[in-house]
Amino acid sequence: MSKENISEEFNFKAIDKKWRQYWEDNKIYKVDVNSAKEKYYCLDMFPYPSGAGLHVGHWRGYVISDVCSRLKLMQGYNVMHPMGWDSFGLPAENDAIKLEIHPSVLTKERIDNFRRQLKEIGAVYDWDLEFATSDADYYKWTQWIFVKLYKAGLAYRKMMPINFCPSCKTGLANEEVTGGECERCGSAVEKRDMYQWMLRITKYADRLADDLDKVDWPESVKSLQRNWIGRSYGARIDFKLADGSRNITVFTTRPDTLFGATYMVVAPEHQLVSKITSPEKMEEVKKYVESAANKSEIDRMAENRKKDGVFTGAYAINPLSGEKIPVWISDYVLAHYGTGAIMCVPGHDTRDFEFAKTFGIEIRRVIVKSLDGVADASKVSSDGLDEAFTETGFMVNSGAYSGLDTETGKMKVIEELKRLGIGEQSINYKLRDWIFARQRYWGEPIPIIYCDKCGEVAVPEEDLPVRLPHVEKYKPTGTGQSPLAAIEEFVNCKCPKCSGPARRETDTMPQWAGSSWYFLRYPNPKLDSAPFSEELMKKWLPVDLYIGGIEHATLHLLYARFFVKALYDMGHLPFDEPFTKLFNQGIIYRNGSKMSKSRGNVVNPDEIVEKYGSDCLRMFELFIGPPDIMCEWKDDGIVGVSKFLKRFYKIAVNNAGNKNYQEPSELLRARHRFVKTASERINAFQFNTFISACMEFLNYLSNFDRCSAETISAMCVMLSPMAPHVCEELWSLMGNDKSIFLSGKWPSFDEALAALDEVSIPVQINGKLRGTINAPKGADEESVKKLIAANEFIAKNLEGKQVVKFVFVKDKIVNYVVK
RNA sequence: GCCUGGGUGGUGGAACUGGUAGACACAGCGGACUUAAAAUCCGUUGGGGUUUGGCCCCGUGCCGGUUCAAUUCCGGCCCUAGGCACCA
């Protein structure tokens with residue numbers, strides 16, 4: 001190859017354009033779903049095509065998935081790397097209303113824009129697999145799954161108080177409310193009683209929690225999900241009312257504190273309230289219940305709110321101590337958790353303590369930290385208990401149970417309650433069923449029909465999809481009904497069972513519906529006889545690597561796991577966890593805060609690509625820090641990567657033709673060392689240090705006049721996942737006529753060559769570095785000692801000292817401990 | 001309050017299983033090339049001291065412990081980001 005006609009100048013603009021076109025024309029990412037090669041399914045959390053474009057913060061995840069896909073491709077896997085669109089949902093609809101553009105039109109425009117931007121990154125997806133959740137061909141199957149869930153008893157309709165956003169004019173899922181505010185628009189959420197479609201996700205609470213042990217996910221996400229599910233172990237205990245009329249059942253995690261229960265509280269919404277309240281207290285109680293009902297979520301959740309409540313006039317009997325204790329109502333007890341009623345142990349629960357202080361209720365000590373100095377555990381003073389002691393310890397003042405430790409005590413108490421038939425072990429969850437209906441237009445219509453004769457009827461499979469009618473009026477009504485309710489052609493239909501007149505459900509599904517199973521569709525996006533093929537599920541799922549932001553920890557990732565488990569139980573899927581490995585990319589910050597349009601600190605990738613090229617931005621996104629840790633974007637830093645690419649290009653061009661050149665052995669060995677460490681790093685997702693290794697090697701290489709074509713070729717292949725355009729260009733300059741991603745093989749290394757034959761050994765005296773010596777690798781203690789003796793400086797330092805101990809770690813270090 | 005991360009130079013960040021702290025970069029400083037600038041290249045850069053081509057001391061949020069040796073392990077705190085939060 002003659003150097004003369006190839007410029008040393010790195011013309012990234014031409015190179016970017018040329019190869020992007022080449023990849024697209026030659027479909028290098030076209031996956032053969034039926035190939036016998038080992039599969040690798042690499043998936044990005046598909047984006048919601050919003051109005052704001054992608055900024056460099058968004059780029060990160062897409063770059064990581066592209067790097068992994070290209071890497072796996074070169075390592076010989078059959079890689080599926082698809083992309084699609086989570087296109088139904090509220091924000092698009094809200095924007096559509098604001099801009100007066102129909103959501104279907106708006107969504108299409110935005111998808112086109114996102115697709116264009118993803119191509120800018122140089123990310124290559126198999127676009128033949130693309131689909132959007134708002135495609136009728138797709139949502140037909142979302143509805144199909146709903147019908148299956150319905151038939152399995154996992155979808156049900158219920159009148160219940162739900163979170164309603166007055167601005168978005170729709171009910172919200174528990175997961176969509178943060179701090180009493182709508183996650184989308186920030187409005188204060190109201191409580192409303194509405195008929196709601198619910199999914200019985202609580203039935204899967206245990207498995208959703210337990211199976212987290214089976215997946216390779218970041219600990220943080222697992223912990224978020226476990227917290228959200230909120231499983232706690234305890235007991236259910238029946239308290240008889242003093243008049244013997246009925247029982248109040250409570251849930252407690254601390255049955256060992258039962259003897260300290262000096263009162264009870266039931267939630268104001270509890271159905272027993274009206275039944276147990278004594279006539280003279282009725283009016284006061286009624287007033288309290290009303291005021292509690294009118295409180296907004298925010299008021300009720302306000303921090304450090306003073307506890308209030310009302311005595312019902314009723315008394316209950318503590319089942320073990322036999323004491324008569326008052327029953328109160330207060331809104332610090334939540335109706336929807338546990339049984340909606342609690343036994344109150346002010347001595348050992350902070351909330352109960354606060355309440356008892358306010359109302360002068362007895363506070364009793366029934367647990368102590370230690371029994372040291374306690375003469376009689378059944379008679380311990382409660383004096384000086386000025387805050388609740390909530391830790392575990394030993395039971396006191398608890399009759400025959402006094403002296404038992406918390407764990408044993410819990411067990412014994414439950415045993416006794418069980419024997420008496422008034423209690424048992426019990427588990428409770430914070431997780432609530434999933435409110436699955438939205439009163440909005442832009443979503444999948446819920447495929448249910450109401451018939452006066454037959455009641456609720458699921459739309460038969462052959463009648464799916466229930467198409468979302470294309471209408472002019474899609475504004476929310478605010479009546480609690482979806483805009484679809486106003487469309488007679490949509491609402492009025494025939495009952496599939498009796499053919500009589502019937503009405504369609506007009507609520508739509510939440511945005512999370514489509515994303516709960518989309519990963520099952522990519523291997524077979526065009527299949528029209530089923531949502532997914534059994535054979536392809538067995539072959540391609542679960543997803544090997546799932547990349548996306550941590551913000552979906554308790555939403556999408558929980559819902560998707562639930563869908564998969566339900567489909568597994570119904571026999572539709574051969575696996576019950578969708579994502580084997582999850583990777584959350586770190587968020588990019590700038591000027592101390594998260595990069596976002598609203599904060600005005602976004603960096604537009606287009607400008608960077610224009611100035612430095614796509615490869616440079618891709619590498620810088622990874623060089624900036626560990627991929628899973630948040631890191632700070634500094635505009636200055638990118639020139640380092642840019643310089644590296646230019647130098648690499650120049651050296652590569654100048655040496656690409658050195659086919660038969662024998663390079664000096666130290667260079668050869670350095671290359672093997674480089675291939676070894678760099679390969680280890682990229683396989684371990686240590687992209688930032690992988691890049692450092694490349695820079696280090698290139699720096700070293702610069703000390704030589706020339707190097708072999710083999711060295712250039714190895715670097716090209718190794719850098720190609722991150723800098724695909726330039727490496728593809730160099731690969732072709734080296735005379736290869738097939739894409740580097742199809743013909744390049746990840747370089748191997750020779751362990752023996754990669755090993756250093758000489759090591760530098762630090763010599764310490766009393767743990768302080770006093771010099772280093774060079775020794776042959778594997779040198780034994782005696783020969784190292786000889787080398788040290790030859791070193792004047794160290795010898796001088798040892799002079800006149802008494803060596804108490806000599807520590808020798810082969811090839812690592814020596815340390816003289818001297819007096 | 002609870003759960004999960006994180007805390008290392010002026011900055012982003014390295015450091016394998018406990019074994020030379022600060023790799024690789026950015027910024028800074030000095031120099032080469034240039035009429036000049038840009039680009040490029042070379043040198044230097046944790047802090048302090050010093051008898052200054054050398055050497056010494058200090059230093060990984062704080063305090064203590066284990067060890068010949070601790071950014072790394074153990075105990076106790078502080079700060080910070082995110083999540084949950086009257087969940088009994």
Side-chain angles (χ1 to χ4, degrees), chain A residues 178-179 218-228 230-232 234 250-254 257 261 265 267 300-305 307 330-334 336-345 348-352 354-355 390 428-432 550-551 553-554 584 586-587 589 593-594 620 623-626 628-641 643-644 646-647 650 677 680 686 688-699 702 760-772 793 797 804-809 811-818:
Chain A
T178 35
E219 202 42 53
S220 53
V221 177
K222 290 189 183 188
S223 144
L224 285 171
Q225 289 211 355
R226 282 198 194 97
N227 280 338
W228 188 261
R231 178 164 54 186
S232 52
V250 303
F251 172 74
T252 177
T253 55
R254 292 296 298 274
T257 63
V265 170
R300 225 178 133 153
M301 293 192 348
E303 220 165 314
N304 301 328
R305 223 187 92 212
K307 294 209 166 21
S330 170
D331 65 4
Y332 84 88
V333 171
L334 306 173
H336 56 75
Y337 182 78
T339 61
I342 61 169
M343 67 176 211
C344 302
V345 186
H348 303 281
D349 180 283
T350 23
R351 297 147 301 178
D352 297 346
E354 206 187 308
F355 190 88
T390 57
N428 253 292
Y429 307 88
K430 286 198 225 173
L431 185 71
R432 290 200 256 164
I550 196 165
E551 66 274 16
T554 52
N584 299 120
I587 293 165
Y589 280 63
S593 58
K594 198 170 160 177
F620 185 56
F623 186 58
I624 200 168
D628 53 337
I629 304 285
M630 78 136 231
C631 50
E632 179 81 18
W633 177 278
K634 294 274 182 197
D635 299 342
D636 296 337
I638 196 161
V639 301
V641 175
K643 279 190 212 165
F644 166 78
K646 282 183 196 166
R647 288 173 59 213
K650 191 173 162 183
T677 43
E680 280 165 7
Q686 291 161 6
N688 54 331
T689 52
F690 167 85
I691 296 169
S692 303
C694 295
M695 289 173 163
E696 247 171 309
F697 183 63
L698 191 72
N699 288 346
S702 313
S760 151
I761 296 177
V763 180
Q764 296 183 334
I765 296 172
N766 285 344
K768 281 186 181 151
L769 186 69
R770 281 295 175 267
T772 57
F793 180 73
N797 269 281
V804 184
K805 191 172 176 180
F806 178 70
V807 181
F808 175 81
V809 183
D811 295 338
K812 286 276 160 90
I813 204 161
V814 294
N815 189 8
Y816 288 90
V817 185
V818 300

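Letters A, B, ... mirror the listed sequences (proteins, then strands); counts begin at 1.
Distance noted for atom P between B:G12 and B:A81: 16 Å (whole Å). Atom P of B:U8 sits at a distance of 27 Å from the matching atom of B:U66, rounded to the whole Å. Taking atom C1' on both nucleotides, B:A37 is separated from B:A25 by 25 Å, rounded to a whole Å. The gap from the C1' atom of B:C62 to that of B:G54 amounts to 36 Å, rounded to the nearest Å. One C1' atom belongs to B:U40, the other to B:U60, and the distance between them is 36 Å to the nearest Å. B:G49 and B:G61: their C1' atoms are spaced 26 Å apart (whole Å). Rounded to whole Å, the separation between the P atoms of B:C3 and B:C77 comes to 12 Å. Distance check on atom P: B:C63 versus B:U72 gives 13 Å, rounded to whole Å.
If you check every strand for non-hydrogen atoms under 4.0 Å, A:S760 touches a base. Contacts of A:R432 with the nucleic acid, taken as non-hydrogen atoms under 4.0 Å apart, are absent. In this structure, A:K594 reaches neither bases nor backbone, as no heavy-atom distance under 4.0 Å exists between it and the strands shown. The residue A:P218 sits apart from the nucleic acid: no heavy atom pair falls under 4.0 Å. At a threshold of 4.0 angstrom between heavy atoms, the contacts of A:F620 with the nucleic acid are absent. A:T772 comes within 4.0 angstrom of a base, heavy atoms only.
Look at CD1 on A:I765: it is 13 Å from P on B:C55, rounded to the nearest Å. Rounded to a whole Å, the CG atom of A:L769 is 15 Å from the C1' atom of B:C58. A straight line from CE of A:M630 to C1' of B:G83 spans 16 Å, rounded to a whole angstrom. When the P atom of B:G1 is taken as reference, atom CG of A:D352 falls 19 Å away, rounded to whole Å. Atom NZ of A:K222 is separated from atom C1' of B:G83 by 18 Å (rounded to the nearest Å). Look at CD1 on A:I813: it is 14 Å from C1' on B:C16, rounded to the nearest Å. B:G7 atom P lies 15 Å from atom CD of A:E632, rounded to whole Å. To the nearest angstrom, P of B:U40 lies 14 Å from CG of A:L698.
At B:C84, none of the side-chain N or O atoms of A:R226 fall inside 4.0 Å of OP1 or OP2 (strictly under the cut-off). OP1 or OP2 of B:A88 has at least one side-chain nitrogen or oxygen of A:Y337 nearer than 4.0 Å.
In this structure, A:L431 CG and A:R226 CZ are separated by 14.5 Å, a value rounded to the nearest 0.5 Å. Here the CE atom belonging to A:M695 is positioned 4.0 Å from the CZ atom belonging to A:F623, to the nearest 0.5 angstrom. Considering OH of A:Y816 and CZ of A:F808, their distance stands at 10.5 Å, rounded to 0.5 Å. A distance of 12.0 Å separates CG in A:D349 from CZ in A:F355, rounded to the nearest 0.5 Å. We find the CZ-CG distance between A:F620 and A:N688 to be 12.0 Å, quoted to the nearest 0.5 Å. The line from OG1 of A:T554 to CG of A:N227 is 10.0 Å long, rounded to the nearest 0.5 Å.
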Show the distances under 3.5 angstrom between N or O atoms of the protein and N or O atoms of nucleotides 64-74 of chain B.
unit_1, atom_1, unit_2, atom_2, d
B:C68, OP1, A:K805, NZ, 3.3
B:C68, O2', A:N815, ND2, 3.1
B:C68, O2, A:N815, ND2, 2.8

Return the polar atom pairs (N/O with N/O) between nucleotides 22-28 of chain B and the protein under 3.5 Å, or none.
unit_1, atom_1, unit_2, atom_2, d
B:A23, O2', A:E696, OE2, 3.1
B:A23, N1, A:S692, OG, 3.4
B:A25, OP1, A:N699, OD1, 3.4
B:A25, OP1, A:N699, ND2, 2.7
B:C26, OP1, A:K643, NZ, 3.0

Which pairs, protein N/O on one side and nucleotides 2-6 of chain B N/O on the other, fall under 3.5 Å?
unit_1, atom_1, unit_2, atom_2, d
B:C3, O2', A:S223, OG, 2.7

Contacts under 3.5 Å, N or O only, protein and nucleotides 45-51 of chain B:
none

Could you walk me through whether A:R254 and A:H348 pass the side chain to side chain contact (heavy atoms under 4.5 Å, CB included) check?
CA-CA 9 Å; A:R254 292 296 298 274; A:H348 303 281; 5.7 Å; no
Would you sort out whether A:T253 and A:F251 count as a side chain to side chain contact (heavy atoms under 4.5 Å, CB included), showing the intermediate values?
CA-CA 7 Å; A:T253 55; A:F251 172 74; 4.0 Å; yes
For A:M343 and A:T257, run side chain to side chain contact (heavy atoms under 4.5 Å, CB included): C-alpha distance rounded to whole Å, both residues' side-chain angles, the deciding distance at 0.1 Å, then the answer.
CA-CA 10 Å; A:M343 67 176 211; A:T257 63; 3.7 Å; yes
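Of the residues near RNA chain B, A:G625 and A:K646, the one whose nearest nucleotide (by heavy atom distance) lies more toward the 5' end is A:G625.
With A:N815 contributing its side chain and A:G767 its backbone, the two residues share a donor-acceptor pair below 3.5 Å. Using a distance-only test at 3.5 Å, with no hydrogens or angles considered, no donor-acceptor pair links the side chain of A:Q686 to the main chain of A:P626.
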Dot-bracket for RNA chain B, 5' to 3', Watson-Crick and G-U pairs with both distances under 3.5 Å, [ ] for crossing pairs, | for partner on another strand, reads (((((((..(((......[....))).(((((.......))))).(((((...)))))..(((((..]....))))))))))))....
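Side-chain contact between A:D628 and A:P218: absent, with no pair of heavy atoms (C-beta onward) separated by less than 4.5 Å. Counting only heavy atoms from C-beta outward, the side chains of A:Y332 and A:I342 approach each other to under 4.5 Å. Looking only at side-chain heavy atoms (C-beta outward), A:R647 and A:L698 come within less than 4.5 Å of each other. The shortest side-chain heavy-atom distance between A:V345 and A:T252 does not fall under the 4.5 Å cut-off. In this structure, A:N766 and A:V817 have side chains that are in contact, with non-hydrogen atoms separated by less than 4.5 Å.
Minimum atom distance to the side chain of A:C631 is reached by B:G12, of the listed B:G12, B:A88, B:U20. Distance from the side chain of A:V333 is smallest for B:A88 among the nucleotides B:C57, B:A88, B:A14. Of the candidate nucleotides B:A88, B:G19, B:C86, B:C86 has the atom nearest to the side chain of A:D331.
Partners of A:F644 under the ring pair (Phe, Tyr, Trp, His ring centres under 6.0 Å) rule, at least two apart in sequence or in another chain, do not exist in this structure.
Glycosidic conformation, B:G64: anti, with the torsion outside 90° of 0.
In A:K307, the NZ atom is crowded: over 12 heavy atoms of neighbouring residues, nucleotides or ligands sit closer than 6.0 Å.
Remark: the A:K430 side chain and the B:C84 base include no donor-acceptor N/O pair separated by less than 3.5 Å.
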